[in-house]
Number of protein chains: 2
Amino acid sequence: MAQKVDGARRAPLNRDRVLRAAVALADDAAIESVSMRNLAQELGVVPMALYRHVANKEQLLDGMVDVIVGQIDPPAGGADWKAAIRQRILSARRVLLRHPWASSVIESRPRPTLVVLDYLNSVVGMFRAGGFSVDLTHHVMHALGSRVWGFTQELFPGSPLPADPEQAAAAFRELSGRYPHIAEIATGPAHDEGSVVGQGCDDQFEFEFALDLLLDGFERLHQQGWRSANQS
Amino acid sequence: MAQKVDGARRAPLNRDRVLRAAVALADDAAIESVSMRNLAQELGVVPMALYRHVANKEQLLDGMVDVIVGQIDPPAGGADWKAAIRQRILSARRVLLRHPWASSVIESRPRPTLVVLDYLNSVVGMFRAGGFSVDLTHHVMHALGSRVWGFTQELFPGSPLPADPEQAAAAFRELSGRYPHIAEIATGPAHDEGSVVGQGCDDQFEFEFALDLLLDGFERLHQQGWRSANQS
DNA sequence: ACCTGAACACCGTTCAAGT
DNA sequence: ACCTGAACACCGTTCAAGT
């Protein structure tokens, strides 16, 4: 649980302390616990005191995103564009795994903050430094989408099966009847035991599989000197 | 704006009417307007009357997703897997474009509903029918992620530039100074006027660019008889 | 047995009254 | 001039009192 401030607090409140406390609260409890009132109590101040340091709750969430994005490693020097971008995105992913609430907050922001623009600008610069045309870089950034932050929408969030093995087996039989294709890819067939598809799945593998598929595709287009259809 | 029910309502409330009213309210106003209290008022009933037809607000949102997903075209017969899946996903996209609130609601659901599982099951089935191995189909579904619903996370939501042309020009000069790479791909260079990169960008083009890049990648892996590393 | 108004435990934010 | 308690306008949901 989040640390309580002791009776006589010393450090005066500032924006940075507010943001770090909000991140800690989201980490320790849940993002739903991050209300202005709850956060104020955690800091030992009256709710209205927060409004001196953040304009409103939206700006608080923006600030929390900035704290997270600030933890992503800077670009690695020396490596070629593909390795460097791959490395950087996997660094973003490691940050997000430490703060599971962050991906949904990033998604929820209607406008990018300056810190977010800094990160995106530098990723764009990495493609450009690799020789990508302005045109191709534009499309490639769109194709990456949220993967540039190290996450994607999970299609099957949370196992639908109960914890109890016997109940799980029964639930699985029912699932197989109604959704045979899902059941098949969820567990893999018995004759395919060496596969990575097994009980649950390896999210890191899936992420890298898709990332590499995209990066390989980008590389191929770049090498072919890809241009928009109306220019070819 | 949403239609008001006239004084003497006739049709008794049922789950379907509740869900359709919620979708209409989200379409006409905004998803933020879809509160139990607001929705009840729209239907001319007391808030608690809704709880007879949906267990709670979470189930209301699930039901709204079901209404949306139910509008996606069934699989096209006859076409090869690539064309058929492409077509189906673009149909999902057309549905989502009619209901702009839907993508964020789909993302927010912690567990898939039966209708959602039906759709996913049938997409999985389309890959399997195209000869994809269970293994590859698993990874390919993960790689599609939210694109199977016809959307992806927008990296630059809403133009950061003001509407006034003069102010926009000034803002853009400042943007260019701080974020030169973003400025470059946002507008494209002057000598590249034929490009699709121009004032703003064509979201449909970007979606299809990324979708085709992925589908082409899937096809290549399938043709090469791709297997997990530990099996090769 | 069915329905529902009042109440509870929350929100984010405004604003006037206090120092 | 600064700070903040009370208040406002909302939430989702419970529950007991009413029919």
Side-chain angles (χ1 to χ4, degrees), chain A residues 1-2 4-5 7-15 17-19 21-26 28-66 101 104-105 107-111 113, chain B residues 1-2 4-5 7-15 17-19 21-26 28-66 101 104-105 107-111 113:
Chain A
M1 284 298 115
K4 287 271 164 55
V5 226
R9 67 186 187 283
R10 46 211 66 183
L13 216 53
N14 59 41
R15 188 182 156 86
R17 232 161 69 78
V18 169
L19 297 184
V23 168
L25 183 57
D28 295 342
I31 188 65
E32 293 82 25
S33 310
V34 181
S35 67
M36 299 302 270
R37 293 166 121 104
N38 240 339
L39 178 58
Q41 188 178 297
E42 206 72 21
L43 285 161
V45 300
V46 79
M48 283 310 297
L50 299 178
Y51 285 81
R52 183 156 307 276
H53 306 102
V54 289
N56 49 38
K57 183 160 184 193
E58 294 295 293
Q59 230 187 61
L60 175 72
L61 293 172
D62 277 345
M64 292 172 72
V65 169
D66 286 352
W101 48 271
S104 67
V105 176
E107 278 177 341
S108 77
R109 304 294 75 220
R111 292 169 165 284
T113 64
Chain B
M1 283 299 116
K4 289 272 163 55
V5 225
R9 68 188 186 283
R10 46 209 68 181
L13 217 53
N14 58 40
R15 189 182 156 87
R17 231 162 69 79
V18 169
L19 297 183
V23 167
L25 182 56
D28 295 341
I31 188 66
E32 293 81 25
S33 309
V34 181
S35 67
M36 299 302 271
R37 293 166 121 103
N38 240 339
L39 178 58
Q41 188 179 297
E42 206 72 20
L43 285 161
V45 300
V46 80
M48 282 312 296
L50 300 177
Y51 285 83
R52 182 157 308 277
H53 306 102
V54 290
N56 50 37
K57 183 159 184 194
E58 294 296 292
Q59 230 188 62
L60 175 73
L61 292 172
D62 277 345
M64 291 172 73
V65 169
D66 286 352
W101 49 271
S104 67
V105 175
E107 277 176 342
S108 77
R109 304 293 75 221
R111 293 169 165 283
T113 62

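Note on naming: letters A, B, ... go to the chains in the order of the sequence lines (proteins, then strands), and numbering restarts at 1 for each one. Below, each value reflects all heavy atoms present in this structure, side chains not excepted, and no hydrogens, waters or symmetry copies. Since the model is a prediction, treat every value here as computed from it, not as a measurement.
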So how far is it from [X] [atom1] to [Y] [atom2], rounded to the nearest 0.5 Å?
{"X": "Lys57(B)", "Y": "Leu50(B)", "atom1": "NZ", "atom2": "CG", "answer": "11.5 Å"}
{"X": "Met36(A)", "Y": "Asn56(A)", "atom1": "CE", "atom2": "CG", "answer": "7.0 Å"}
{"X": "Leu25(A)", "Y": "Leu43(A)", "atom1": "CG", "atom2": "CG", "answer": "9.0 Å"}

Range on DNA chain D touched by chain B - first to last nucleotide, heavy-atom distance under 4.0 Å: dC11(D) to dC15(D)
Sugar-phosphate, base or nothing in reach of Met48(B), heavy atoms under 4.0 Å: base
Separation between the P atoms of dG18(D) and dC8(C), rounded to whole Å: 16 Å
Nearest-Å distance once atom P is located in both dA9(C) and dA9(D): 22 Å
Taking every non-hydrogen atom, the tightest pair across Val54(A) and Arg15(A): CG1-NH1, 3.8 Å
Non-hydrogen atoms of Met64(A) and Ala22(A) that approach each other most closely: CE-O, 3.5 Å
Verdict with supporting geometry, Arg52(B) and Leu13(B), side chain to side chain contact (heavy atoms under 4.5 Å, CB included): CA-CA 9 Å; Arg52(B) 182 157 308 277; Leu13(B) 217 53; over 6 Å; no
Sub-4.0 Å heavy-atom contacts from residues 50-57 of chain A onto DNA chain C, ordered by number: Tyr51(A), Asn56(A), Lys57(A)
Side chain to side chain contact (heavy atoms under 4.5 Å, CB included) partners of Arg37(B), counting only residues at least two apart: Ser35(B), Pro47(B)
Salt bridge (charged side-chain N to carboxylate O under 4.0 Å, His left out) involving Arg109(B) - partner list, sequence neighbours excluded: Glu58(B), Asp62(B)
Stems where DNA chain C pairs, listed by first number, each of three or more Watson-Crick or G-U pairs under 3.5 Å: C:4-8 with D:12-16, C:12-16 with D:4-8
Asn38(A) vs Val34(A), side chain to side chain contact (heavy atoms under 4.5 Å, CB included): CA-CA, chis, key distance, verdict: CA-CA 6 Å; Asn38(A) 240 339; Val34(A) 181; over 6 Å; no
Partners passing side-chain hydrogen bond (donor to acceptor under 3.5 Å, both in side chains) against Thr113(B) (at least two apart in sequence or in another chain): Asp66(B)
5'-most by nearest nucleotide on DNA chain D - Arg37(A) or Ala49(A): Ala49(A)
